[in-house]
Amino acid sequence: MSHAAVMRRRRPWTGFAVKAALIAVALVGAGEYTRANFYLGIATQSELCIPGYHVFLIDRRDTTPRRGEAFAFTASGLTEMLEDVPETPRTPEGASVFADGAMIVKIVSGMPGDRLRVTRERTTVNGAVVGHGLFLAHTLSRRFEDFEREAVVPAAEYVFLGQTTDSYDSRYWGNVHAGQIVGRAYAIF
């Protein structure tokens, strides 16, 4: 076999190697982009505050809360945010409800400057009903009055609520600071 014939046979491998290397670089780049910008959140509790969804894709690039949208945030100091409540909310067994650093997904219900009113019967933002009752007060071994309040949502803080009456949310622990927001959460299944 001539030298030219051997070279023609090897060229396809060179082309294949170049294409494979480019595809590998593209896949690694796409994987790194996805890892850096997205997070998969999985709700492990049996009672869901956003019914029907256990898995969320969290877009870390989108950190500007919008009313009515689901966003993920960390529980950094959430149990201490409501100054009117003298003690940290605890489960009946005495454990803290949300450990610092836990990621939580809820719906943005109140924005900076909104007027929030929490009563035994309902929660309103700017007069519109966004939640019903304080059904967890008894579970938390607390009085309804411990959570009832009227306030304007401060700058860089947000009110987050679940979609069920038994959601442990801003009605009980107060507002979420902008620095705690991880990103927009898209319900997958």
Within the structure provided, determine whether [X] and [Y] are in side-chain contact (heavy-atom separation under 4.5 Å).
X    : Y    : value
P112 : E157 : no
T123 : H132 : no
V182 : M103 : yes
Y158 : M111 : yes
F38  : R60  : no
L48  : H54  : yes
T164 : P51  : yes
I50  : F56  : yes

Exam field: side chain [X] to backbone [Y], donor-acceptor pair closer than 3.5 Å:
X    : Y    : value
N175 : V159 : no
T124 : V129 : no
R149 : R171 : yes
R115 : G113 : no
R122 : A128 : no
D146 : R143 : yes
Q180 : T74  : yes

Inset, instruction - May I ask you to say whether R120 pairs ionically with E145, meaning some side-chain N is under 4.0 Å from a carboxylate O? - result: yes
Legend entry - Side-chain ion pair, E32 and R35, N-O less than 4.0 Å: yes
Is there a path of hydrophobic side-chain contacts, each under 4.5 Å between heavy atoms, that joins [X] and [Y]?
X    : Y    : value
V118 : L140 : yes
Y33  : V28  : no
V130 : F73  : yes
L57  : Y53  : no
F147 : L116 : yes

Legend entry - Approximate separation, where rounding is to 0.5 Å, of I107 CD1 and S167 OG: 9.5 Å
Legend entry - Separation of L134 CG from T119 OG1 (nearest 0.5 Å): 7.0 Å
Inset, instruction - Determine whether the aromatic ring centres of F71 and F160 lie less than 6.0 Å apart. - result: no
Legend entry - Atom of S170, atom of L161 and distance for their closest heavy-atom approach: N-CD2, 4.2 Å
Legend entry - R67 versus V125, closest heavy-atom pair with distance: NH1-CG1, 3.9 Å
Inset, instruction - Please work out whether the ring planes of Y172 and Y168 are parallel, tilted or perpendicular, with thresholds of 30° and 60°. - result: parallel
